[in-house]
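Numbers for residues simply follow the sequence, beginning at 1. Computed from heavy atoms alone, side chains included, the values below leave out hydrogens, waters and symmetry copies.
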Amino acid sequence: MSGPELLLLLFDETIKRLTRSEISLKEKNYADFDDCINRVVRIVRYLIDILDMDQPISWDLKRIYEYLIFDLSRVKAGRERRMDEIGRIRHILSELREGFDGASRKVNDTHIAKVKEVRG
């Protein structure tokens, strides 16, 4: 797998885990809910760790990821009171995923064709 494919896989996993946490919370399966939220937090922390801070956009992404971690901690602490936040967090991560997917496609599509020289 390429780097962009692995990144998209991480986003897919966070979205899947958030959906599962919402279902677990509705079913009052708090152990699974906590596990799902903890896994999402670990993935988002990993996304922070792999940022290339030499790139200007990385600072903005880091702030978004840190906000998501803060919001996830509020969801975990509040459970039913903060259940509506799960959908909003999932939406933010989905938008980030779409952005990275679009950017990786654009980068892969912008290749320069080399002109071959015909001799002879």
Evaluate the side-chain proximity of [Y] to [X]: yes if any heavy-atom separation is below 4.5 Å, no if none is.
X	Y	answer
Ile86	Phe33	yes
Phe11	Leu7	yes
Leu18	Ile37	yes
Leu96	Leu61	yes

So if you build clusters from Ile, Leu, Val, Met, Phe, Trp, Tyr with side-chain heavy-atom gaps below 4.5 Å, do [X] and [Y] land together?
X	Y	answer
Leu6	Leu93	no
Trp59	Ile48	yes
Val40	Ile50	yes

Ser24 side chain to Ser21 backbone, donor-acceptor under 3.5 Å:
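Judged by distance alone, no pair lies under 3.5 Å.
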
Rounded distance [0.5 Å steps], [atom1] in [X] versus [atom2] in [Y]:
X	Y	atom1	atom2	value
Ser94	Ile89	OG	CD1	11.5 Å
Tyr30	Lys28	OH	NZ	4.0 Å
Arg97	Leu9	CZ	CG	9.0 Å
Asp71	Ile69	CG	CD1	11.0 Å
Asp101	Glu5	CG	CD	10.0 Å

Passing candidate, salt bridge (charged side-chain N to carboxylate O under 4.0 Å, His left out) with Asp32, options Arg20, Arg17, Lys26
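Single pass found, and it is Arg20.
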
Scan residues 34-46 for pairs that pass side chain to side chain donor-acceptor pair (under 3.5 Å), counting only residues two or more places apart or in two chains.
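Only Asp34-Arg79, Asp35-Arg39, Asn38-Lys76 qualify under side chain to side chain donor-acceptor pair (under 3.5 Å).
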
Is any side-chain N of the basic residue among Asp12 and Lys16 closer than 4.0 Å to the acidic one's carboxylate O?
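Lys16 and Asp12: not salt-bridged.
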
Can you give me the closest heavy-atom contact between Glu22 and Met83, atom names plus distance?
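Looks like OE2-O, 4.2 Å.
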
Please report the shortest heavy-atom distance between Leu51 and Ser58, naming the atom on each side.
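Nearest pair, atom of Leu51 first, then Ser58: CD1-O, 3.6 Å.
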
Is it the case that atom CD1 in Ile57 sees more than 12 heavy atoms from other parts of the structure closer than 6.0 Å?
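Not buried by this count: 12 neighbours or fewer within 6.0 Å.
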
Could you pull out all residues at least two apart from Arg82 that satisfy side-chain contact (heavy atoms from CB on, under 4.5 Å)?
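side-chain contact (heavy atoms from CB on, under 4.5 Å) list for Arg82, sorted by chain: Arg74, Val75, Glu85.
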
